[in-house]
Amino acid sequence: DSPEAFAYLYQALRESHAARGHGFDVVLLCNIAHELLQLGDYYEALKYVDEGIKRCTRMANNHLLAVLLLNRVICLTDLDLAAEAMDEVRRLTALIGETGRADSVEICAVMALAALRAGLVDEAVKLVAIADDALSEETLAEEALALIVARAELLRATLQFPTFAAPLA
């Protein structure tokens with residue numbers, strides 16, 4: 001039940017103390033933002049993401065920072081503010097190698113879509129290439145699907161979509 005789950009998350013956040021350390025509060029902020037993203041409440045999710053990023057600076061947890069940055073990219077892109085997400089895209093691109101993220105295919109695909117929506121086709125090409133390089137037998141289907149969507153959008157942006165779509169007809 002979503003309202004009950006939110007109530008527990010909010011209560012846990014109120015009861016956590018940033019001074020206690022270990023980043024529990026940042027994880028809670030990240031989880032609340034993710035749930036709000038799932039509900040499509042991007043403005044509210046952005047508030048929690050931004051607070052999570054701010055608090056994450058006191059920690060040495062690049063994996064958590066990567067999740068928060070990706071959520072910020074998603075929020076801004078879905079709010080038609082993709083150009084504002086490009087600083088996060090660049091930070092996240094730099095973090096991918098450091099974090100050893102197994103899901104870098106999907107992360108790069110999401111960032112490529114943000115770059116395309118910001119009108120940065122060259123940036124999207126680079127991100128799709130990084131995702132292609134990260135593809136492996138261990139890539140999950142939903143991650144591969146995100147890359148397929150990014151490739152299709154890239155082809156459409158470069159006016160190659162009819163060539164790509166012809167075999168699908």
Side-chain angles (χ1 to χ4, degrees), residues 2 26-27 29-54 56-57 61-169:
S2 189
V26 180
V27 171
L29 289 165
C30 186
N31 288 342
I32 291 170
H34 178 75
E35 293 303 319
L36 290 165
L37 276 171
Q38 298 304 309
L39 295 172
D41 192 346
Y42 302 112
Y43 286 108
E44 192 66 19
L46 199 54
K47 292 177 189 176
Y48 286 92
V49 166
D50 288 344
E51 183 62 25
I53 290 170
K54 184 174 116 184
C56 200
T57 59
N61 188 333
N62 284 340
H63 179 79
L64 183 55
L65 179 59
V67 173
L68 288 162
L69 290 172
L70 181 64
N71 285 344
R72 183 163 169 71
V73 170
I74 292 167
C75 284
L76 292 171
T77 301
D78 286 344
L79 291 170
D80 293 326
L81 300 169
E84 292 181 31
M86 295 319 296
D87 284 340
E88 284 77 12
V89 166
R90 291 178 189 97
R91 285 178 69 189
L92 191 50
T93 302
L95 280 176
I96 288 174
E98 294 177 29
T99 60
R101 296 288 307 246
D103 55 353
S104 60
V105 171
E106 184 174 19
I107 291 170
C108 287
V110 168
M111 293 190 304
L113 288 170
L116 285 168
R117 302 230 167 81
L120 302 172
V121 175
D122 290 341
E123 185 80 18
V125 169
K126 291 175 191 173
L127 291 163
V128 167
I130 294 169
D132 282 336
D133 290 344
L135 272 175
S136 72
E137 292 178 6
E138 296 175 8
T139 302
L140 299 176
E142 58 266 18
E143 295 166 355
L145 183 58
L147 180 55
I148 290 168
V149 170
R151 284 182 187 154
E153 291 284 334
L154 183 57
L155 289 169
R156 186 168 66 171
T158 58
L159 305 175
Q160 299 175 44
F161 190 75
T163 305
F164 171 76
L168 302 176

Of all heavy-atom pairs between [X] and [Y], which one has the smallest distance, and what is that distance?
X: I96; Y: M111; value: CD1-CE, 3.7 Å
X: A124; Y: L154; value: CB-CD1, 4.2 Å
X: C108; Y: A131; value: CB-CB, 3.7 Å
X: C30; Y: N71; value: SG-ND2, 4.1 Å
X: L37; Y: C75; value: CD2-SG, 3.4 Å
X: A112; Y: A150; value: CB-CB, 4.3 Å

What do the steps show when you test E51 against K54 for salt bridge (charged side-chain N to carboxylate O under 4.0 Å, His left out), and what is the final call? CA-CA 5 Å; E51 183 62 25; K54 184 174 116 184; 3.6 Å; yes
Report yes if some heavy atom in the side chain of [X] is under 4.5 Å from a heavy atom in the side chain of [Y]; otherwise report no.
X: L46; Y: R72; answer: yes
X: V89; Y: T93; answer: yes
X: R91; Y: L65; answer: yes
X: Y43; Y: K47; answer: no
X: V26; Y: L68; answer: yes
X: L39; Y: E35; answer: no

Distance, nearest 0.5 Å, that separates [atom1] of [X] from [atom2] of [Y]:
X: R90; Y: L92; atom1: CZ; atom2: CG; answer: 12.0 Å
X: L70; Y: I107; atom1: CG; atom2: CD1; answer: 5.5 Å
X: D122; Y: L127; atom1: CG; atom2: CG; answer: 11.0 Å
X: I130; Y: L147; atom1: CD1; atom2: CG; answer: 11.5 Å

By salt bridge (Lys or Arg N to Asp or Glu O under 4.0 Å), D133 pairs with (sequence neighbours left out) none
Evaluate V49 against E88 for side-chain contact (heavy atoms from CB on, under 4.5 Å), listing each step before the verdict. CA-CA 12 Å; V49 166; E88 284 77 12; over 6 Å; no
Qualifying residues under side chain to side chain contact (heavy atoms under 4.5 Å, CB included), relative to S136, sequence neighbours excluded: E138, T139
With sequence neighbours excluded, tell me which residues meet side chain to side chain contact (heavy atoms under 4.5 Å, CB included) with L145. none
Option from L76, T77, D78 for which side chain to side chain contact (heavy atoms under 4.5 Å, CB included) with I74 holds: D78
For side-chain contact (heavy atoms from CB on, under 4.5 Å), just list the numbers for D132 and R151, CA-CA rounded to whole Å, side-chain angles, deciding distance to a tenth of an Å, and then say yes or no. CA-CA 10 Å; D132 282 336; R151 284 182 187 154; 2.3 Å; yes
